[in-house]
Amino acid sequence: MKTSWRNASLVASAAAVLVLTTACGQEGGTSSVGSQNVGATAAAGGYGGVGSGIGTGTSPSASSTVGGGQGNLGAQSASAGKLEVSANAELGDVLTDSAGLSLYRFDEDTAEPPKSNCNGDCATAWPPVPANDASAGAGIDKALLGEVTRADGSKQLTIGGWPAYRYAKDTKAGDLTGQGVGGKWYALAPTGKKASVASLPGLSTRKDPNLGEIVVDKNGMTVYRFAKDKAWPEPVSNCVGACLEKWPVVAPVSANDTKDVQKKGLMSFTRSDGVKQQTVNCSPIYTFAADKQPGDTNGQGVGGTWYAVRPNGEMVGVSDK
């Protein structure tokens, strides 16, 4: 990772300030907000809420459920059988059981050593996958399959050390309604890692059907700017405290680890809380906690102050006066 302009300048002199001013300058996207807001459908005020899941999340007909109706409850506690790999357009390869039900991992569990921390009501909503009779299908390394003894003495399947679960609200093959629930539950990749899109540069762009070309992070998640931040004469973030729970900062990215993003003003800075944050054209950038999968743009227009970012650093939908 390349050092930021702050780290590169060890002497706080007038010359350093001049360099910063030249690098950041006054960019066109800092004009008053109150013009066109593309996709500004979120309620004004506040920071927005956290959503969850991929797919409909609706109750399917009996013919489309695994076992149909109450029979699905039995399927949720049944052995996994031969594990399979299901290709998902948004998450890449997702691990499923032999019935096609998605398997998940829990951030509060541990893999080294394997331990499940989902018990009681949690285990009702997220049935643990029994370890008995589970086997590796095509594309799955059988050496990654293991088991862990739960608090109740039962044996739970592990993948790469991570305890595996189904989600009670997934009622048919291919459902992924558990993805991102509570910010702690994620679909399992065949490796035991969280399922995610193919590796991307630290920052790159994608064409959104509604917003046009916008910047995304290494996970394909939409990047945003906060209209109350400052880019000139130096970056200043005004998203602090509780704001950061909804709008996590984008960590510093090497300029060589970017694609199709303007290099001028592409740097990091140290926030007032000591955390280093990436900028595009000197403007601090963030992701949005309510965006649960690549392609989500739920943060666009939130509060009339949050906007997706163009490759040149401008805020999408905010026109100059």
Side-chain angles (χ1 to χ4, degrees), residues 47-55 57 76 80 83 85-86 88 90-97 101-131 134 140 144-152 154-170 175-200 216-222 242-251 275 286-296 298-299:
Y47 304 119
V50 177
S52 62
I54 296 175
Q76 291 282 10
L83 303 181
V85 178
S86 174
N88 181 272
E90 294 147 344
L91 295 177
D93 288 341
V94 173
L95 195 63
T96 74
D97 64 13
L101 288 171
S102 301
L103 302 188
Y104 298 88
R105 50 177 276 183
F106 185 33
D107 274 358
E108 292 189 6
D109 287 349
T110 60
E112 297 179 358
K115 182 181 179 182
S116 169
N117 290 306
C118 177
N119 299 288
D121 291 341
C122 175
T124 300
W126 300 90
V129 178
I140 302 168
L144 294 176
L145 274 61
E147 64 180 38
V148 63
T149 301
R150 295 177 50 79
D152 61 7
S154 62
K155 303 292 185 180
Q156 181 176 0
L157 174 68
T158 62
I159 310 295
W162 287 98
Y165 305 82
R166 301 182 180 96
Y167 186 39
K169 291 185 178 181
D170 283 353
D175 275 357
L176 278 163
T177 60
Q179 173 67 11
V181 166
K184 296 180 179 180
W185 290 92
Y186 297 94
L188 271 165
T191 59
K193 296 181 179 180
K194 297 176 184 179
S196 65
V197 293
S199 179
L200 294 172
V216 298
D217 70 2
K218 64 182 180 180
N219 298 312
M221 305 302 291
T222 303
C243 174
L244 295 174
E245 296 178 9
K246 301 297 183 182
W247 302 94
V249 305
V250 175
V275 174
Y286 313 77
T287 54
F288 186 35
D291 285 349
K292 288 305 177 184
Q293 58 193 12
D296 282 354
N298 297 315

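- Remark: Ser154 pairs with Asp152 by the side chain to side chain donor-acceptor pair (under 3.5 Å) rule, at least two apart or across chains.
- Between the side chain of Asp175 and the main chain of Thr177, no donor-acceptor pair closer than 3.5 Å is present.
- Atom CG of Leu188 sits about 11.5 Å away from atom CG of Leu91, to the nearest 0.5 Å.
- A donor-acceptor distance shorter than 3.5 angstrom exists from the side chain of Thr222 to the backbone of Asp296, with no hydrogens or angles considered.
- Of all the heavy atoms in Ala164 and Gln156, the pair that sits closest is O-NE2, 2.8 Å.
- The shortest heavy-atom contact between Ala123 and Pro128 is O-CD, 3.8 Å.
- Annotation: side chain to side chain donor-acceptor pair (under 3.5 Å) contacts of Asn119 (sequence neighbours excluded): Arg150.
- In this view, Lys194 and Asp107 satisfy the salt bridge (Lys or Arg N to Asp or Glu O under 4.0 Å) rule, not counting sequence neighbours.
- Using a 4.5 Å heavy-atom threshold, the side chains of Pro294 and Met221 count as touching.
- Minimum heavy-atom separation, Ala111 to Gly160: CB-O, 3.9 Å.
- Residues Asp109 and Tyr165 have side chains that bring a donor and an acceptor to within less than 3.5 angstrom of each other.
- Interatomic distance, Gln293 CD to Asn298 CG, rounded to the nearest 0.5 Å: 9.0 Å.
- Val249 is listed as a side-chain neighbour of Val275, based on a closest heavy-atom distance under 4.5 Å.
- Applying side-chain contact (heavy atoms from CB on, under 4.5 Å) to Ile159 and the options Thr191, Ile140, Leu83 leaves one that passes, Leu83.
- Under the ring-ring contact (aromatic ring centres under 6.0 Å, His included) criterion, Phe106 pairs with Trp185, not counting sequence neighbours.
- With hydrogens and angles ignored, the 3.5 Å screen pairs no side-chain donor or acceptor of Arg105 with any backbone N or O of Ala187.
- Among all heavy-atom pairs drawn from Tyr167 and Ala125, the shortest one is CD1-O, 3.4 Å.
- Interatomic distance, CG of Asn219 versus OG1 of Thr287, reported as 9.0 Å (0.5 Å rounding).
- Residues Thr158 and Glu147 approach most closely at OG1-N, 3.2 Å, considering heavy atoms.
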message: Pair Val94, Leu176 - check side chain to side chain contact (heavy atoms under 4.5 Å, CB included), show working.
response: CA-CA 9 Å; Val94 173; Leu176 278 163; 4.1 Å; yes
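- Put simply, the side chain of Lys292 gets close to the backbone of Ala289: a donor and an acceptor are under 3.5 Å apart.
- Taking the side chain to side chain donor-acceptor pair (under 3.5 Å) definition, one finds that Lys184 meets it with Glu108, sequence neighbours left out.
- Tyr104 pairs by the side chain to side chain donor-acceptor pair (under 3.5 Å) definition with Asp170, not counting sequence neighbours.
- Asp97 and Arg166 are joined by a salt bridge, as a carboxylate oxygen and a charged side-chain nitrogen come within less than 4.0 angstrom of each other.
- Rounding to the nearest 0.5 angstrom, the gap separating the NZ atom in Lys115 from the CH2 atom in Trp162 is 13.0 Å.
- The minimum heavy-atom distance linking Val148 with Pro114 is given by the pair CG2-O, 3.3 Å.
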